[in-house]
Amino acid sequence: MTHTLGRPDFDLIAGWVEPGHRVLDLGCGDGALLKLLITTRNVQGWGVDIEDANVLAAIRNGINVIQSNLEKGLADFADDAFDHVVLSRTLQTVRHTEHILREMLRVGREAVVSFPNFAYWQNLRSVLDGRMPVSEDLPYQWYDSPNVRFFTLLDFEALCGQMGLTIVERRVLDEAGEIVLADSPRDLNFLGSLAVYRLTRPR
Amino acid sequence: MPGIGVVESQRIHFSEPLHLRSGGILPAYDLAVETYGTLNAARSNAILVCHALSGHHHLAGHYADAPDNVGWWDNIIGPGRPLDTDKFFIVGLNNPGGCHGSTGPSSINPATGKPWGADFPIIAVSDWVTAQARLADSFGIDSWAAVMGGSLGGMQALRWTISYPERVRNALIIASAPKLTAQNIAFNDVARQAILTDPDFHGGHYYEHGTRPVRGLRLARMLGHITYLSDDQMGEKFGRELRNGSFAFDYDVEFEVESYLRYQGDKFAGYFDANTYLLMTKALDYFDPARLDDGDLVKTMGRTHPNTNFFVASFTTDWRFSPARSREIVAALLANGRKVSYAEIDLNFGHDSFLMEDPHYHGLVAAFLGNIAL
(Lines give C-alpha, C1' and ligand atoms only; values in the text may rest on other atoms or scores of the structure.)
Protein backbone atom coordinates (compact mmCIF):
# COMPACT_ATOMS: atom_id res chain seq x y z
CA MET A 1 0.00 0.00 0.00
CA THR A 2 1.29 3.46 -0.83
CA HIS A 3 0.73 6.32 1.55
CA THR A 4 0.07 9.96 0.84
CA LEU A 5 3.36 11.87 0.84
CA GLY A 6 5.00 8.78 2.32
CA ARG A 7 3.33 9.53 5.64
CA PRO A 8 0.90 6.79 6.72
CA ASP A 9 -0.21 8.80 9.76
CA PHE A 10 -1.37 11.56 7.38
CA ASP A 11 -3.91 9.17 5.84
CA LEU A 12 -5.29 8.28 9.25
CA ILE A 13 -5.60 11.93 10.26
CA ALA A 14 -7.28 12.78 6.94
CA GLY A 15 -9.89 10.16 7.78
CA TRP A 16 -10.65 11.78 11.11
CA VAL A 17 -11.38 15.32 9.95
CA GLU A 18 -14.59 16.55 8.38
CA PRO A 19 -15.02 19.22 5.69
CA GLY A 20 -15.19 22.67 7.26
CA HIS A 21 -13.34 21.61 10.39
CA ARG A 22 -10.73 23.92 11.85
CA VAL A 23 -7.39 22.16 12.18
CA LEU A 24 -4.28 23.39 13.99
CA ASP A 25 -1.05 21.53 13.17
CA LEU A 26 1.70 22.00 15.74
CA GLY A 27 5.19 21.58 14.32
CA CYS A 28 3.68 21.85 10.84
CA GLY A 29 6.96 21.89 8.94
CA ASP A 30 6.33 22.98 5.36
CA GLY A 31 2.57 22.57 5.84
CA ALA A 32 2.30 19.31 3.87
CA LEU A 33 -0.34 17.76 6.18
CA LEU A 34 -2.47 20.90 6.20
CA LYS A 35 -2.18 21.22 2.43
CA LEU A 36 -3.37 17.63 2.11
CA LEU A 37 -6.27 18.21 4.50
CA ILE A 38 -7.26 21.45 2.78
CA THR A 39 -7.19 19.97 -0.73
CA THR A 40 -8.70 16.57 0.03
CA ARG A 41 -10.92 17.29 3.05
CA ASN A 42 -11.69 21.00 2.58
CA VAL A 43 -10.75 21.97 6.13
CA GLN A 44 -9.57 25.35 7.39
CA GLY A 45 -5.98 25.03 8.54
CA TRP A 46 -3.34 26.82 10.57
CA GLY A 47 0.16 25.62 11.39
CA VAL A 48 2.66 26.46 14.10
CA ASP A 49 6.41 26.11 13.66
CA ILE A 50 9.47 27.68 15.21
CA GLU A 51 11.98 27.20 12.37
CA ASP A 52 12.50 30.07 9.91
CA ALA A 53 12.87 27.67 6.97
CA ASN A 54 9.61 25.90 7.81
CA VAL A 55 7.68 29.16 8.19
CA LEU A 56 8.94 30.27 4.79
CA ALA A 57 8.14 26.90 3.20
CA ALA A 58 4.63 26.86 4.69
CA ILE A 59 3.88 30.36 3.41
CA ARG A 60 5.18 29.31 -0.01
CA ASN A 61 2.73 26.42 0.17
CA GLY A 62 -0.07 28.89 0.83
CA ILE A 63 -0.55 27.64 4.39
CA ASN A 64 -1.34 29.92 7.33
CA VAL A 65 1.54 29.52 9.74
CA ILE A 66 2.32 31.13 13.09
CA GLN A 67 5.99 31.27 14.13
CA SER A 68 5.99 30.26 17.76
CA ASN A 69 7.73 28.12 20.36
CA LEU A 70 5.55 25.20 21.47
CA GLU A 71 7.41 24.99 24.77
CA LYS A 72 5.81 28.31 25.68
CA GLY A 73 2.31 26.94 25.12
CA LEU A 74 -0.41 28.18 22.83
CA ALA A 75 -1.14 31.58 24.37
CA ASP A 76 -2.00 33.12 20.98
CA PHE A 77 -4.91 30.73 20.58
CA ALA A 78 -8.31 31.05 22.24
CA ASP A 79 -10.13 28.26 24.08
CA ASP A 80 -11.99 25.81 21.83
CA ALA A 81 -10.86 27.57 18.66
CA PHE A 82 -10.23 24.33 16.72
CA ASP A 83 -11.90 21.02 16.03
CA HIS A 84 -8.59 19.16 15.83
CA VAL A 85 -5.15 20.03 17.14
CA VAL A 86 -2.47 17.83 15.58
CA LEU A 87 0.95 17.07 17.02
CA SER A 88 2.49 14.76 14.46
CA ARG A 89 5.79 13.06 15.38
CA THR A 90 6.67 16.01 17.59
CA LEU A 91 5.64 15.14 21.17
CA GLN A 92 8.96 13.40 21.76
CA THR A 93 10.78 16.68 20.96
CA VAL A 94 8.78 18.74 23.48
CA ARG A 95 10.11 19.07 27.02
CA HIS A 96 6.88 20.20 28.69
CA THR A 97 4.82 17.15 27.77
CA GLU A 98 1.84 17.58 30.08
CA HIS A 99 1.64 21.31 29.41
CA ILE A 100 1.44 20.92 25.63
CA LEU A 101 -1.16 18.14 25.88
CA ARG A 102 -3.30 20.30 28.17
CA GLU A 103 -2.86 23.29 25.87
CA MET A 104 -3.89 21.22 22.84
CA LEU A 105 -7.12 20.23 24.55
CA ARG A 106 -7.73 23.76 25.77
CA VAL A 107 -7.65 25.24 22.25
CA GLY A 108 -9.10 22.20 20.50
CA ARG A 109 -12.01 19.82 20.90
CA GLU A 110 -9.83 16.87 19.95
CA ALA A 111 -6.09 16.25 19.99
CA VAL A 112 -4.36 14.03 17.45
CA VAL A 113 -0.95 12.87 18.62
CA SER A 114 1.49 10.61 16.79
CA PHE A 115 4.89 9.54 18.13
CA PRO A 116 7.55 6.87 17.65
CA ASN A 117 7.17 3.96 20.06
CA PHE A 118 10.42 3.16 21.79
CA ALA A 119 9.15 -0.28 22.88
CA TYR A 120 8.84 -1.46 19.24
CA TRP A 121 10.61 -4.83 19.12
CA GLN A 122 13.21 -3.69 16.60
CA ASN A 123 14.09 -0.78 18.89
CA LEU A 124 14.29 -3.11 21.89
CA ARG A 125 16.51 -5.50 19.94
CA SER A 126 18.78 -2.65 18.95
CA VAL A 127 19.18 -1.65 22.60
CA LEU A 128 19.75 -5.29 23.59
CA ASP A 129 22.45 -5.39 20.93
CA GLY A 130 23.99 -2.41 22.67
CA ARG A 131 23.07 0.42 20.30
CA MET A 132 20.35 3.10 20.37
CA PRO A 133 17.70 2.45 17.73
CA VAL A 134 17.78 4.14 14.34
CA SER A 135 14.80 3.42 12.11
CA GLU A 136 12.21 4.82 9.70
CA ASP A 137 10.37 6.43 12.61
CA LEU A 138 13.49 7.23 14.67
CA PRO A 139 15.75 8.51 11.92
CA TYR A 140 18.41 10.15 14.10
CA GLN A 141 21.66 9.22 15.76
CA TRP A 142 21.65 9.68 19.53
CA TYR A 143 23.97 12.67 19.22
CA ASP A 144 21.94 14.64 16.69
CA SER A 145 18.43 13.70 17.72
CA PRO A 146 15.91 16.47 18.41
CA ASN A 147 14.08 14.00 20.66
CA VAL A 148 14.18 14.81 24.34
CA ARG A 149 11.49 12.41 25.66
CA PHE A 150 11.77 8.65 25.18
CA PHE A 151 8.56 6.79 25.89
CA THR A 152 6.39 3.90 24.82
CA LEU A 153 2.79 3.43 23.83
CA LEU A 154 2.01 2.09 27.32
CA ASP A 155 3.84 5.01 28.97
CA PHE A 156 1.75 7.43 26.95
CA GLU A 157 -1.50 5.72 27.84
CA ALA A 158 -0.55 5.78 31.51
CA LEU A 159 0.07 9.53 31.29
CA CYS A 160 -3.28 10.06 29.55
CA GLY A 161 -4.90 8.15 32.42
CA GLN A 162 -3.12 10.27 35.01
CA MET A 163 -4.18 13.45 33.23
CA GLY A 164 -7.78 12.30 32.90
CA LEU A 165 -7.68 12.37 29.09
CA THR A 166 -9.98 10.13 27.07
CA ILE A 167 -8.43 8.00 24.33
CA VAL A 168 -11.05 8.05 21.58
CA GLU A 169 -9.07 6.02 19.09
CA ARG A 170 -5.66 4.36 18.81
CA ARG A 171 -3.92 3.29 15.61
CA VAL A 172 -0.58 1.55 15.63
CA LEU A 173 1.63 1.27 12.55
CA ASP A 174 4.63 -0.86 11.75
CA GLU A 175 7.75 0.43 10.04
CA ALA A 176 6.18 -0.07 6.61
CA GLY A 177 3.23 2.06 7.66
CA GLU A 178 0.83 -0.87 7.81
CA ILE A 179 -1.76 -1.00 10.57
CA VAL A 180 -0.77 -3.46 13.30
CA LEU A 181 -3.70 -5.65 14.26
CA ALA A 182 -3.39 -7.02 17.76
CA ASP A 183 -5.82 -7.24 20.65
CA SER A 184 -3.76 -6.50 23.69
CA PRO A 185 -1.99 -3.18 24.35
CA ARG A 186 1.11 -5.20 25.31
CA ASP A 187 1.25 -6.76 21.85
CA LEU A 188 0.68 -3.42 20.13
CA ASN A 189 3.44 -1.93 22.25
CA PHE A 190 5.77 -4.66 21.03
CA LEU A 191 4.73 -4.63 17.35
CA GLY A 192 4.11 -0.93 16.67
CA SER A 193 6.74 1.51 15.42
CA LEU A 194 4.46 4.56 15.30
CA ALA A 195 1.39 5.25 17.44
CA VAL A 196 -1.42 7.65 16.49
CA TYR A 197 -4.02 8.71 19.05
CA ARG A 198 -7.21 10.75 19.13
CA LEU A 199 -7.71 12.29 22.54
CA THR A 200 -10.39 14.37 24.21
CA ARG A 201 -10.87 15.58 27.73
CA PRO A 202 -14.05 15.56 29.78
CA ARG A 203 -15.76 18.95 29.53
CA MET B 1 18.90 42.68 -9.66
CA PRO B 2 18.56 46.22 -11.01
CA GLY B 3 15.80 48.33 -9.53
CA ILE B 4 12.92 50.10 -11.17
CA GLY B 5 15.14 52.88 -12.53
CA VAL B 6 13.80 56.35 -13.33
CA VAL B 7 10.41 57.20 -11.86
CA GLU B 8 8.14 60.22 -11.83
CA SER B 9 5.74 61.54 -9.25
CA GLN B 10 2.35 63.12 -9.84
CA ARG B 11 -0.03 65.29 -7.87
CA ILE B 12 -3.70 64.39 -7.84
CA HIS B 13 -6.29 66.93 -6.73
CA PHE B 14 -9.33 65.94 -4.65
CA SER B 15 -12.05 68.54 -4.43
CA GLU B 16 -14.43 66.63 -2.13
CA PRO B 17 -13.86 67.78 1.49
CA LEU B 18 -12.27 65.27 3.86
CA HIS B 19 -14.19 65.20 7.14
CA LEU B 20 -11.68 64.23 9.80
CA ARG B 21 -11.98 62.18 12.94
CA SER B 22 -10.91 65.24 14.97
CA GLY B 23 -13.95 67.13 13.71
CA GLY B 24 -11.79 69.23 11.40
CA ILE B 25 -12.36 69.46 7.68
CA LEU B 26 -9.86 69.53 4.87
CA PRO B 27 -11.86 71.41 2.22
CA ALA B 28 -9.81 70.14 -0.72
CA TYR B 29 -6.40 68.55 -0.97
CA ASP B 30 -3.65 67.31 -3.24
CA LEU B 31 -1.90 63.98 -2.90
CA ALA B 32 1.62 63.37 -4.13
CA VAL B 33 1.64 59.91 -5.69
CA GLU B 34 4.03 57.52 -7.42
CA THR B 35 3.14 54.31 -9.21
CA TYR B 36 5.32 51.55 -10.64
CA GLY B 37 4.39 48.69 -12.94
CA THR B 38 1.21 48.49 -14.98
CA LEU B 39 -2.37 48.30 -13.72
CA ASN B 40 -3.87 45.27 -15.46
CA ALA B 41 -7.17 45.36 -17.36
CA ALA B 42 -9.06 43.79 -14.46
CA ARG B 43 -7.44 46.34 -12.10
CA SER B 44 -6.73 43.46 -9.78
CA ASN B 45 -2.96 43.72 -9.38
CA ALA B 46 -2.60 46.89 -7.32
CA ILE B 47 -0.62 47.05 -4.08
CA LEU B 48 -0.82 50.08 -1.82
CA VAL B 49 2.30 50.77 0.24
CA CYS B 50 1.61 53.03 3.24
CA HIS B 51 4.40 55.11 4.71
CA ALA B 52 5.48 55.52 8.31
CA LEU B 53 6.36 58.61 10.35
CA SER B 54 8.84 60.24 8.00
CA GLY B 55 8.02 58.48 4.73
CA HIS B 56 6.33 59.62 1.56
CA HIS B 57 5.26 58.62 -1.94
CA HIS B 58 8.77 58.09 -3.31
CA LEU B 59 9.01 54.37 -2.55
CA ALA B 60 11.43 53.20 -5.19
CA GLY B 61 13.63 54.16 -8.10
CA HIS B 62 15.10 57.62 -8.60
CA TYR B 63 14.25 60.80 -10.47
CA ALA B 64 15.88 61.59 -13.80
CA ASP B 65 17.26 64.86 -12.42
CA ALA B 66 18.20 63.41 -9.00
CA PRO B 67 19.89 60.01 -9.39
CA ASP B 68 20.87 59.96 -5.69
CA ASN B 69 17.32 60.43 -4.46
CA VAL B 70 16.44 56.73 -4.19
CA GLY B 71 13.02 55.73 -2.81
CA TRP B 72 12.85 54.74 0.86
CA TRP B 73 11.76 51.13 0.21
CA ASP B 74 13.63 50.60 -3.05
CA ASN B 75 15.20 47.32 -1.83
CA ILE B 76 11.83 45.52 -1.85
CA ILE B 77 10.24 47.01 -4.99
CA GLY B 78 11.20 46.42 -8.62
CA PRO B 79 11.37 43.78 -11.35
CA GLY B 80 12.01 40.40 -9.69
CA ARG B 81 11.96 41.92 -6.19
CA PRO B 82 9.36 40.86 -3.59
CA LEU B 83 6.98 43.61 -4.72
CA ASP B 84 7.50 42.58 -8.30
CA THR B 85 6.71 45.40 -10.70
CA ASP B 86 6.47 42.89 -13.55
CA LYS B 87 3.38 41.45 -11.82
CA PHE B 88 2.01 44.20 -9.60
CA PHE B 89 1.01 47.84 -9.91
CA ILE B 90 2.54 49.51 -6.87
CA VAL B 91 1.06 52.71 -5.45
CA GLY B 92 2.77 55.02 -2.97
CA LEU B 93 1.45 58.32 -1.68
CA ASN B 94 2.35 61.06 0.73
CA ASN B 95 -0.44 61.14 3.29
CA PRO B 96 -2.44 64.34 3.87
CA GLY B 97 -0.65 66.36 6.53
CA GLY B 98 2.69 65.35 5.03
CA CYS B 99 5.45 67.61 3.82
CA HIS B 100 6.48 65.96 0.57
CA GLY B 101 3.99 67.40 -1.87
CA SER B 102 0.62 66.45 -0.41
CA THR B 103 -1.51 69.08 1.28
CA GLY B 104 -0.13 69.66 4.76
CA PRO B 105 0.63 72.33 7.35
CA SER B 106 3.06 74.12 5.03
CA SER B 107 0.42 74.36 2.26
CA ILE B 108 -1.71 77.48 1.84
CA ASN B 109 -4.95 77.52 3.81
CA PRO B 110 -7.53 78.77 1.29
CA ALA B 111 -9.46 80.51 4.10
CA THR B 112 -6.56 82.79 5.05
CA GLY B 113 -4.25 82.77 2.07
CA LYS B 114 -1.41 81.90 4.46
CA PRO B 115 0.21 78.57 5.33
CA TRP B 116 -1.98 76.37 7.54
CA GLY B 117 0.69 76.01 10.19
CA ALA B 118 -0.79 75.07 13.54
CA ASP B 119 -4.33 75.49 12.14
CA PHE B 120 -3.96 72.37 10.05
CA PRO B 121 -6.52 69.97 11.55
CA ILE B 122 -5.33 66.94 13.52
CA ILE B 123 -5.54 63.95 11.23
CA ALA B 124 -6.02 60.29 12.21
CA VAL B 125 -4.93 57.02 10.62
CA SER B 126 -8.56 56.37 9.65
CA ASP B 127 -8.59 59.71 7.78
CA TRP B 128 -5.54 58.68 5.79
CA VAL B 129 -7.27 55.43 4.92
CA THR B 130 -10.30 57.38 3.70
CA ALA B 131 -8.02 59.53 1.53
CA GLN B 132 -6.30 56.38 0.24
CA ALA B 133 -9.68 54.85 -0.60
CA ARG B 134 -10.51 57.90 -2.70
CA LEU B 135 -7.15 57.53 -4.38
CA ALA B 136 -8.07 53.91 -5.17
CA ASP B 137 -11.37 55.16 -6.62
CA SER B 138 -9.50 57.61 -8.83
CA PHE B 139 -7.52 54.70 -10.31
CA GLY B 140 -10.69 52.60 -10.66
CA ILE B 141 -9.30 50.07 -8.18
CA ASP B 142 -12.18 48.31 -6.40
CA SER B 143 -9.99 46.12 -4.23
CA TRP B 144 -6.28 46.08 -3.56
CA ALA B 145 -4.36 42.89 -4.23
CA ALA B 146 -2.53 43.93 -1.08
CA VAL B 147 -2.14 46.81 1.33
CA MET B 148 1.22 46.89 3.03
CA GLY B 149 3.11 48.95 5.55
CA GLY B 150 5.65 48.96 8.36
CA SER B 151 5.28 50.70 11.72
CA LEU B 152 2.73 53.54 11.30
CA GLY B 153 2.31 52.22 7.74
CA GLY B 154 1.31 48.84 9.20
CA MET B 155 -1.33 50.61 11.26
CA GLN B 156 -2.81 51.99 8.03
CA ALA B 157 -2.82 48.51 6.48
CA LEU B 158 -4.56 47.17 9.60
CA ARG B 159 -7.08 50.02 9.54
CA TRP B 160 -7.82 49.29 5.86
CA THR B 161 -8.92 45.75 6.76
CA ILE B 162 -11.31 47.19 9.37
CA SER B 163 -12.64 50.24 7.46
CA TYR B 164 -12.86 48.65 4.00
CA PRO B 165 -12.72 44.87 4.58
CA GLU B 166 -14.03 44.02 1.13
CA ARG B 167 -11.41 46.19 -0.59
CA VAL B 168 -8.29 44.43 0.79
CA ARG B 169 -7.51 40.91 -0.43
CA ASN B 170 -4.18 40.69 1.39
CA ALA B 171 -2.69 42.76 4.18
CA LEU B 172 0.97 42.91 5.23
CA ILE B 173 1.34 44.45 8.68
CA ILE B 174 5.00 44.70 9.58
CA ALA B 175 6.68 45.89 12.82
CA SER B 176 3.41 47.41 13.93
CA ALA B 177 0.98 47.38 16.86
CA PRO B 178 -2.77 47.55 17.51
CA LYS B 179 -2.11 50.69 19.62
CA LEU B 180 0.82 52.41 21.27
CA THR B 181 1.94 51.65 24.82
CA ALA B 182 2.35 54.37 27.45
CA GLN B 183 6.13 54.19 26.94
CA ASN B 184 5.69 54.74 23.22
CA ILE B 185 3.38 57.72 23.71
CA ALA B 186 5.88 59.09 26.21
CA PHE B 187 8.67 59.03 23.62
CA ASN B 188 6.39 60.84 21.19
CA ASP B 189 5.55 63.48 23.75
CA VAL B 190 9.19 64.23 24.52
CA ALA B 191 9.72 64.64 20.77
CA ARG B 192 6.75 66.98 20.55
CA GLN B 193 7.88 68.99 23.55
CA ALA B 194 11.25 69.50 21.90
CA ILE B 195 9.47 71.10 18.92
CA LEU B 196 6.75 72.97 20.84
CA THR B 197 9.24 74.63 23.20
CA ASP B 198 11.64 75.71 20.46
CA PRO B 199 11.58 79.55 20.40
CA ASP B 200 11.46 79.36 16.62
CA PHE B 201 8.20 77.38 16.70
CA HIS B 202 6.01 80.49 17.06
CA GLY B 203 2.92 78.46 17.96
CA GLY B 204 3.25 76.54 14.71
CA HIS B 205 3.18 79.67 12.50
CA TYR B 206 6.93 79.80 11.96
CA TYR B 207 6.55 80.02 8.16
CA GLU B 208 5.31 83.60 8.55
CA HIS B 209 8.34 84.43 10.65
CA GLY B 210 10.71 83.15 8.00
CA THR B 211 12.17 80.60 10.41
CA ARG B 212 11.86 76.92 11.39
CA PRO B 213 12.14 75.15 14.77
CA VAL B 214 15.25 73.33 13.63
CA ARG B 215 16.65 72.70 17.12
CA GLY B 216 13.45 71.10 18.38
CA LEU B 217 12.98 68.98 15.27
CA ARG B 218 16.61 67.86 15.47
CA LEU B 219 16.21 66.77 19.09
CA ALA B 220 12.95 65.00 18.28
CA ARG B 221 14.65 63.05 15.51
CA MET B 222 17.68 62.18 17.65
CA LEU B 223 15.42 60.77 20.36
CA GLY B 224 13.32 58.90 17.82
CA HIS B 225 16.40 57.50 16.13
CA ILE B 226 17.68 55.97 19.39
CA THR B 227 14.38 54.11 19.78
CA TYR B 228 14.51 52.78 16.20
CA LEU B 229 17.85 51.03 16.75
CA SER B 230 18.73 48.11 18.99
CA ASP B 231 21.17 48.31 21.89
CA ASP B 232 23.28 45.54 20.32
CA GLN B 233 23.41 47.26 16.97
CA MET B 234 24.47 50.58 18.49
CA GLY B 235 27.09 48.71 20.50
CA GLU B 236 28.42 47.00 17.39
CA LYS B 237 28.30 50.09 15.22
CA PHE B 238 29.68 52.68 17.65
CA GLY B 239 30.66 51.04 20.93
CA ARG B 240 32.43 53.72 22.94
CA GLU B 241 34.58 54.78 20.01
CA LEU B 242 35.88 58.33 20.24
CA ARG B 243 36.25 60.55 17.21
CA ASN B 244 39.67 61.81 18.32
CA GLY B 245 40.93 58.87 20.30
CA SER B 246 40.97 60.50 23.74
CA PHE B 247 38.66 62.43 26.07
CA ALA B 248 38.47 66.18 25.41
CA PHE B 249 36.65 66.97 28.66
CA ASP B 250 34.17 69.32 27.01
CA TYR B 251 30.66 69.18 25.49
CA ASP B 252 31.60 68.94 21.83
CA VAL B 253 31.07 65.79 19.84
CA GLU B 254 33.36 63.10 21.28
CA PHE B 255 31.76 59.69 21.00
CA GLU B 256 31.00 58.35 17.54
CA VAL B 257 27.39 57.70 18.56
CA GLU B 258 26.99 61.42 19.32
CA SER B 259 28.38 62.30 15.94
CA TYR B 260 26.02 59.89 14.24
CA LEU B 261 22.93 61.10 16.06
CA ARG B 262 23.72 64.75 15.49
CA TYR B 263 24.27 64.07 11.80
CA GLN B 264 20.94 62.22 11.58
CA GLY B 265 19.21 65.04 13.48
CA ASP B 266 20.67 67.76 11.28
CA LYS B 267 19.87 65.91 8.07
CA PHE B 268 16.26 65.34 9.11
CA ALA B 269 15.72 68.86 10.46
CA GLY B 270 17.01 70.16 7.15
CA TYR B 271 14.09 68.87 5.09
CA PHE B 272 11.24 67.74 7.34
CA ASP B 273 8.41 69.99 8.48
CA ALA B 274 7.99 70.26 12.26
CA ASN B 275 4.19 70.59 12.08
CA THR B 276 4.02 67.39 10.03
CA TYR B 277 6.16 65.66 12.66
CA LEU B 278 3.71 66.76 15.36
CA LEU B 279 0.74 65.53 13.31
CA MET B 280 2.33 62.16 12.58
CA THR B 281 3.15 61.48 16.22
CA LYS B 282 -0.40 62.38 17.26
CA ALA B 283 -1.79 60.01 14.62
CA LEU B 284 0.38 57.28 16.15
CA ASP B 285 -0.78 58.07 19.68
CA TYR B 286 -4.47 58.16 18.81
CA PHE B 287 -4.41 54.93 16.78
CA ASP B 288 -6.50 52.35 18.64
CA PRO B 289 -9.11 50.76 16.36
CA ALA B 290 -10.42 48.60 19.21
CA ARG B 291 -12.09 51.78 20.51
CA LEU B 292 -14.74 51.00 17.88
CA ASP B 293 -15.70 48.08 20.13
CA ASP B 294 -15.07 49.40 23.64
CA GLY B 295 -11.46 48.24 23.57
CA ASP B 296 -12.24 44.68 22.48
CA LEU B 297 -9.63 44.02 19.78
CA VAL B 298 -11.03 40.55 19.07
CA LYS B 299 -14.38 42.09 18.26
CA THR B 300 -12.72 44.75 16.09
CA MET B 301 -10.78 42.18 14.10
CA GLY B 302 -14.09 40.43 13.53
CA ARG B 303 -14.88 43.39 11.25
CA THR B 304 -12.21 42.18 8.81
CA HIS B 305 -13.17 40.06 5.81
CA PRO B 306 -12.95 36.28 6.30
CA ASN B 307 -11.24 35.93 2.91
CA THR B 308 -8.52 38.49 3.53
CA ASN B 309 -5.09 36.93 4.01
CA PHE B 310 -2.94 38.55 6.67
CA PHE B 311 0.83 38.51 6.93
CA VAL B 312 2.02 39.90 10.26
CA ALA B 313 5.74 40.17 10.96
CA SER B 314 7.86 41.51 13.78
CA PHE B 315 11.57 41.72 14.51
CA THR B 316 13.24 40.16 17.54
CA THR B 317 15.31 43.27 18.39
CA ASP B 318 12.50 45.80 17.86
CA TRP B 319 11.70 47.25 21.28
CA ARG B 320 9.70 50.23 20.02
CA PHE B 321 7.14 47.92 18.32
CA SER B 322 8.00 44.64 19.99
CA PRO B 323 6.99 41.17 18.75
CA ALA B 324 4.48 40.96 21.61
CA ARG B 325 2.53 43.85 20.05
CA SER B 326 2.32 42.10 16.68
CA ARG B 327 1.19 38.94 18.44
CA GLU B 328 -1.77 40.84 19.88
CA ILE B 329 -2.93 41.47 16.33
CA VAL B 330 -2.31 37.83 15.40
CA ALA B 331 -4.19 36.48 18.43
CA ALA B 332 -7.19 38.72 17.73
CA LEU B 333 -7.25 37.57 14.09
CA LEU B 334 -6.93 33.90 15.10
CA ALA B 335 -9.77 34.30 17.60
CA ASN B 336 -11.92 35.22 14.59
CA GLY B 337 -10.68 32.30 12.50
CA ARG B 338 -8.99 34.68 10.07
CA LYS B 339 -6.33 33.57 7.59
CA VAL B 340 -3.13 34.82 9.15
CA SER B 341 0.55 34.00 9.03
CA TYR B 342 3.01 35.40 11.53
CA ALA B 343 6.80 35.55 11.34
CA GLU B 344 9.16 36.70 14.06
CA ILE B 345 12.26 37.69 12.15
CA ASP B 346 15.67 37.58 13.77
CA LEU B 347 17.31 40.80 12.59
CA ASN B 348 19.61 43.04 14.57
CA PHE B 349 18.43 46.48 13.46
CA GLY B 350 15.69 47.17 16.00
CA HIS B 351 12.57 48.87 14.63
CA ASP B 352 14.48 49.91 11.51
CA SER B 353 14.80 46.22 10.59
CA PHE B 354 11.63 46.51 8.52
CA LEU B 355 13.50 48.69 6.04
CA MET B 356 16.49 46.35 5.73
CA GLU B 357 17.26 44.00 2.90
CA ASP B 358 17.42 40.49 4.35
CA PRO B 359 16.99 37.27 2.35
CA HIS B 360 14.69 35.58 4.89
CA TYR B 361 12.54 38.67 5.51
CA HIS B 362 12.22 39.47 1.83
CA GLY B 363 11.74 35.78 1.06
CA LEU B 364 8.70 35.73 3.35
CA VAL B 365 7.18 38.80 1.70
CA ALA B 366 7.86 37.38 -1.76
CA ALA B 367 6.33 34.02 -0.79
CA PHE B 368 3.20 35.65 0.65
CA LEU B 369 2.71 37.91 -2.37
CA GLY B 370 3.56 35.01 -4.68
CA ASN B 371 0.34 33.27 -3.60
CA ILE B 372 -1.81 36.13 -4.88
CA ALA B 373 -3.91 35.03 -7.84
CA LEU B 374 -4.68 37.95 -10.13
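Here is how names work: the chains are called A, B, and so on, in the same order as the sequence lines, proteins then strands, and each is numbered from 1.
Residue B/Ser326 holds its OG atom at 12.0 Å from CD of A/Gln67, rounded to the nearest 0.5 Å. Atoms CG and CG, from A/Asn64 and B/Asn309 in turn, are 7.0 Å apart once rounded to the nearest 0.5 Å. Atoms CG and CG, on A/Leu24 and B/Leu334 in that order, are 8.5 Å from each other to the nearest 0.5 Å.
For A/Tyr140, the OH atom counts as loosely surrounded, since its 6.0 Å shell holds 12 or fewer non-hydrogen atoms of other residues, nucleotides or ligands. Heavy atoms from other residues, nucleotides or ligands lying under 6.0 Å from NZ of B/Lys179 number 12 at most. The number of heavy atoms from other shown groups lying within 6.0 Å of CG (B/Asp296) is above 12. Other residues, nucleotides and ligands place more than 12 heavy atoms under 6.0 Å from the CG atom of A/Asp79. Counting heavy atoms of neighbouring residues, nucleotides and ligands inside a 6.0 Å radius, atom CZ of B/Arg303 exceeds 12 of them.
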### Message
Between B/Phe311 and A/Ile59, does the side chain to side chain contact (heavy atoms under 4.5 Å, CB included) criterion hold? Intermediate values first, please.
### Response
CA-CA 9 Å; B/Phe311 173 76; A/Ile59 291 177; 3.8 Å; yes
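Heavy-atom pairs under 4.5 Å with chain B peak, among A/Ser68, A/Ala75, A/Ala81, at A/Ser68. Chain A forms the most heavy-atom pairs under 4.5 Å with one residue out of B/Glu344, B/Glu328, B/Lys339, B/Arg327, and that residue is B/Arg327.
Proximity to chain B is limited to the backbone of A/Ile63, based on heavy atoms less than 4.5 angstrom apart. Residue contact with chain B, scored on non-hydrogen atoms closer than 4.5 Å, involves the backbone and the side chain of A/Arg60 alike.
For A/Ile66 against B/Val330, the heavy-atom pair with the smallest separation is CD1-CG1, 3.8 Å. Taking each heavy atom of B/Tyr342 and A/Val55 in turn, the nearest pair found is O-CG1, 4.3 Å.
Proximity of a side-chain donor or acceptor of A/Trp46 to a complementary backbone N or O of B/Arg338 within less than 3.5 Å is detected.
A/Leu56 places a side-chain heavy atom less than 4.5 Å from the side chain of B/Leu364.
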